[in-house]
Amino acid sequence: MNIKNKMLSMAMLLSLPIAGISHAEASDMKKVEIKGYTISGAEYLPILGYEEFAFPNHVQWGFYGELNTYGHNVEIPGNTLACAESSYAALSEFLVSLPQEFETLKDLGATRRVYMWVTDYSAATLDRATRPSSFWHVNSGGPMDFSKGYWKWEAVVKQDGSCSIPTKEQAIQFAQRIIGAYKQSENYCDFADGTKSSDSEIDSVICLANQWTDISAVGTTWQADREYVGGDEVVYEGVRYRAKWWNFNQNPKQYSTQGEPWEKLQ
C-alpha cells in the first residue's frame with residue numbers, strides 16, 4: 001500500500017467529520033476551483049525536536065507532502081495527514097459558502113489562490129512554542145501586494161497530536177481588515193480611464209494592482225511568544241519586516257541586519 005492510500009485509510013479510521021463534506025471528499029485532496037477561488041496546493045512544515053526550521057529547505061510540498069527539492073524528505077505522520085484532510089474539507093466548505101467579504105476581495109482584484117499550510121509540531125520538543133492556526137497572505141520575494149501571492153489557510157498539529165484548523169471567523173476578520181484599510185487609503189481605486197472612485201462605488205470597481213501596495217496598515221503585529229518562518233510579514237513600531245527564515249523571540253528591530261532573520265521593508 002503506498003503512503004497516500006495508507007494515510008487515507010488511517011484518516012478514515014480517525015473519523016474526523018466536517019459538516020457538509022463527506023469523508024470521501026475530505027480525503028481526496030487535490031487542486032480545485034470553488035466560487036472563483038482555487039485551492040492551489042499544500043505544504044507541510046515539520047518541526048523536529050528544537051531545531052531551527054529552515055525555509056524552504058525543510059518544506060514538504062504537495063497535498064500529501066510528497067515533494068522536497070532539497071533532499072530533506074521526511075514521511076508525513078498519519079495524524080498530520082488526517083489533520084490536513086480535515087483542514088482541506090473545512091476550507092472547501094468555507095469556499096462553498098463564500099462570505100461576502102471574499103466576494104468583495106474578488107471585485108477589488110485581490111488574488112484568488114488559496115494554499116493550504118500545515119505546521120507540524122508532533123515531533124517537536126514539548127517546551128517548543130507553537131504557532132496558532134490562522135489565515136494570512138504571502139507574496140514571497142516582493143512587497144506586500146494582495147493582487148499577487150496566496151491566501152494561506154494554516155492548520156497546526158501540536159505535540160500531543162491535536163489538530164487546530166483556521167475558522168471562518170479568522171478568515172473574515174482578516175479580509176475585513178484588508179478591505180477597511182483599502183477604503184481608507186486615499187484614491188484607493190482607479191477606473192481604467194484614470195478617474196477616481198468613491199466608497200459608494202466599491203462593488204463596481206476593479207482596482208489597479210499597485211494600489212494594494214499602499215495598505216501599510218494591514219499586517220500582523222510582531223509577538224515575542226510566536227514562531228515565524230521565512231515569508232512571514234509583521235509590523236513592529238510602525239515598520240514592516242519580513243522573516244528570512246524561522247525565528248522565535250527575536251525582535252525585528254534588533255535582528256534585521258545582514259545574516260539576521262528579519263529584513264526591513266520600509
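- The two residues Y241 and K264 make their nearest non-hydrogen contact at CD2-CA, 3.7 Å.
- Between S122 and D120 the shortest heavy-atom distance is OG-OD1, 2.7 Å.
- E66 places a side-chain N or O within 3.5 Å of a backbone atom of Y64 that can act as its donor or acceptor partner.
- Rounded to the nearest 0.5 Å, atoms CD1 (I172) and CD (E101) are 5.0 Å apart.
- The residue from W117, F146, W153, Y115 that alone fulfils the ring pair (Phe, Tyr, Trp, His ring centres under 6.0 Å) condition with H137 is F146.
- Under the 30°/60° scheme for interplanar angles, the aromatic rings of F94 and F135 are found to be tilted.
- Shown here are the salt bridge (Lys or Arg N to Asp or Glu O under 4.0 Å) partners of R131, two or more places apart in sequence or in another chain: E154, D232.
- Of the possible donor and acceptor atoms, one in the side chain of Q159 sits under 3.5 Å from a partner among the backbone N and O of R128.
- With values rounded to the nearest 0.5 angstrom, Q100 atom CD is found 7.5 Å from D107 atom CG.
- Although no hydrogens or angles enter the test, the distance criterion places a donor-acceptor pair under 3.5 Å between the side chain of T111 and the main chain of G149.
- Rounded to the nearest 0.5 angstrom, T221 OG1 and E237 CD are separated by 11.5 Å.
- Heavy atoms of other residues, nucleotides or ligands lying less than 6.0 angstrom from NZ of K253 number 12 at most.
- The main-chain N or O of F102 is found under 3.5 Å from a side-chain atom of Y37 such that the two form a donor-acceptor pair.
- Contact detail for G161 and N79: the closest heavy-atom pair is CA-ND2, 3.5 Å.
- Listed for the K106 side chain is a donor-acceptor partner under 3.5 Å among the backbone atoms of K35.
- No donor-acceptor pair under 3.5 Å is formed between the side chain of K31 and the backbone N or O of T38.
- Interatomic distance, W262 CH2 to E233 CD, rounded to the nearest 0.5 Å: 9.5 Å.
- At least one donor-acceptor pair closer than 3.5 Å links the side chain of Y44 to the backbone N or O of F63.
- The minimum heavy-atom distance linking V118 with A84 is given by the pair CG2-CB, 4.0 Å.
- Interatomic distance, T119 OG1 to I47 CD1, rounded to the nearest 0.5 Å: 6.5 Å.
- A 4.5 Å side-chain heavy-atom check between Q250 and W222 finds every atom pair outside the cut-off.
- Taking both residues in full, the closest heavy atoms of P166 and S133 are given as N-CB, 3.8 Å, listed atom of the first, atom of the second, then distance.
- Atoms CD1 and CD1, on I39 and I34 in that order, are 4.5 Å from each other to the nearest 0.5 Å.
- Not a single donor-acceptor pair under 3.5 Å links the side chain of S87 to the backbone N or O of C83.
- Remark: the backbone N or O of K158 is not paired with any side-chain donor or acceptor of S162 at under 3.5 angstrom.
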